[in-house]
Participant: 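Starting off with a structure, shown below.
All chains are named by letter (A, B, ...) in the order of the sequence lines, taking the proteins before the strands, and each is independently numbered beginning at 1.
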There are 2 protein chains.
Amino acid sequence: MARTQGSHSGITGPRVRDAALRLFARHGYAAVSMRQIAGEVGVQAGALYNYTPDKQSLLFELMRGHMEELLAAWDGLPQEGDAMAILEAFTRFHIRFHSERPDAVFIAYMELRNLTPGNFATVEALRRDYENRLEAILSRGVAQGVFRVPEPKIAAMAVIAMLTGVNTWFRTGGRLSLPEVEAIYWDMVRRAVSA
Amino acid sequence: MARTQGSHSGITGPRVRDAALRLFARHGYAAVSMRQIAGEVGVQAGALYNYTPDKQSLLFELMRGHMEELLAAWDGLPQEGDAMAILEAFTRFHIRFHSERPDAVFIAYMELRNLTPGNFATVEALRRDYENRLEAILSRGVAQGVFRVPEPKIAAMAVIAMLTGVNTWFRTGGRLSLPEVEAIYWDMVRRAVSA
DNA sequence: GATTTAACTGAACATTCGTTCATATCAAAG
DNA sequence: CTTTGATATGAACGAATGTTCAGTTAAATC
């Protein structure tokens, strides 16, 4: 029995990626089998290979796609005002973007070691790109006298770590709304780097 | 052929834990086989079961041991001065303690999902204990008028995330010494929460 | 209605997995 | 020297792994 109902082209592909994303985030790449992913999609394991050449590519494409979305989303925002205004925009953007895709964020941070060396280098370069965006903002602010940080690179790492940490506890529908969380974190970021 | 040279009691056990720690950190719990661990120790896989009832216990004991060491080390420090002084001590302690055991820290953060529910609850409770230590410091500082943070619990999570992030980039022998890193981070933490 | 083709099945492949256990070896105790 | 007990081997277990592929089905095309 094959193709049990209707044409699935263009619909099974996304479903495979969705299932892989959720399962990888929940149990980890190495702990998830192709048969589990297939089971979530409602298909046999062999059918997955119509949508990915192998398991490694499935992971890599999820991570690469996430990082490229992240960069494109930030680069797509208008950057108006001084360094302070842009840093606030970055802070709020980072929290919002990451809180909307907890599974992809989780995978992008936790599964780096399960990438082949070549794939790792690609994803790592994208991550560095993103970190450099923030570092540039901080450096510009220092030059303008708006910020005072001794090491912009380190401050960038510190801010990103702090903001990404929101994902470990924030749940939509909890006590605090996302705008409230943004305000609290922006207050801390601003005070931490202000001149 | 068995016990090929001398008595190994009391020495193989730690070597098993050391190998498991390094391998779990490098490749992830699910991606490491008992045979790999045994190979690192220079022993056959079956021999590991003289030192752990199973693979899961090996992971759990590593994580529990790390968290209990962390709590004991902090609780063992003298807490003198006002909330500001204690927060500085906490900041420097956290950076130093974590930078000294990158593998254990990595595992404690990344392998939570590979614990059985019961083991997870135990480790999670220890983590919450640690977070509560910092939250108490912040709350005390707010009461004393030294700090100004709207949500001590969230501020505690933010500070811990920021400080633990040091492990992602810091390497001994790099451009910055550990005391320099401590100073940079303490400066950011202080400004982020000061009244 | 016949033909084509994308989509999927189900079985099979060689490996590897965690774990168990009968057996062998060596250090220490008597 | 003999006995004992801890320590390790090496083979074996059933189960699960990623991946391949010939064959089957049903939708789309003519």
Participant: Could you tell me the separation between the CG atom of B:Leu48 and the C1' atom of D:dT9, rounded to a whole number of Å?
Facilitator: 12 Å
Participant: Are side-chain N/O atoms of B:Ser57 and B:Asp54 paired as donor and acceptor at under 3.5 Å?
Facilitator: yes
Participant: Establish, for the pair A:Arg22 and A:Phe24, whether the NZ or CZ atom is under 6.0 angstrom from the six-membered ring centre and no further than 45 degrees off its axis.
Facilitator: no
Participant: For A:Arg15 and C:dC8, give me the distance from atom CZ to atom C1', rounded to whole Å.
Facilitator: 14 Å
Participant: Is B:Tyr51 close enough to D:dA8 that one of its side-chain N or O atoms is under 4.0 Å from OP1 or OP2 there?
Facilitator: yes
Participant: If you find the nucleotide of DNA chain C closest to A:Asn50 and the one closest to B:Asp54, which residue's nucleotide is nearer the 5' end?
Facilitator: A:Asn50
Participant: Looking only at side-chain N and O atoms, does B:Ser33 come under 4.0 Å of OP1 or OP2 in C:dC17?
Facilitator: yes
Participant: Is the Lys NZ or Arg CZ of A:Arg113 less than 6.0 Å from the centre of A:Phe120's six-membered ring, within 45° of the axis?
Facilitator: no
Participant: Rounded to the nearest Å, what distance is computed from the CG atom of residue B:Leu58 to the C1' atom of nucleotide C:dG18?
Facilitator: 12 Å
Participant: Report yes if at least one side-chain N or O of A:Thr12 is closer than 4.0 Å to OP1 or OP2 of C:dA7; otherwise report no.
Facilitator: no
Participant: Nearest to the side chain of B:Val43 - D:dT19, D:dA8, C:dT9?
Facilitator: D:dA8
Participant: What is the distance, rounded to the nearest whole Å, between atom NZ of A:Lys55 and atom P of C:dT16?
Facilitator: 15 Å
Participant: I need the CE-C1' distance between A:Met34 and C:dG10, as an integer number of Å.
Facilitator: 16 Å
Participant: Which part of the nucleic acid, if any, lies within reach of B:Val41 when heavy atoms closer than 4.0 Å are counted: base, sugar-phosphate only, or nothing?
Facilitator: nothing
Participant: Report the residue (A:Ala31 or A:Pro53) whose heavy-atom-nearest nucleotide on DNA chain D is the more 5′ of the two.
Facilitator: A:Ala31
Participant: Parallel, tilted or perpendicular: which describes the rings of A:Trp74 and A:Phe93, with under 30° parallel and over 60° perpendicular?
Facilitator: tilted
Participant: Roughly, in whole Å, what's the span from CZ in B:Arg35 to P in C:dT15?
Facilitator: 15 Å
Participant: Rounded to the nearest angstrom, tell me the gap between atom CD1 in B:Ile11 and atom P in D:dT7.
Facilitator: 12 Å
Participant: Is NZ or CZ of A:Arg127 both nearer than 6.0 Å to the six-membered ring centre of A:Tyr109 and within 45° of the ring axis?
Facilitator: yes
Participant: Pick the nucleotide of DNA chain C nearest each of A:Gln44 and B:Gln56; which residue has the one closer to the 5' end?
Facilitator: A:Gln44
Participant: Whole Å only: how far is the CD1 atom of A:Ile37 from the C1' atom of D:dT19?
Facilitator: 13 Å
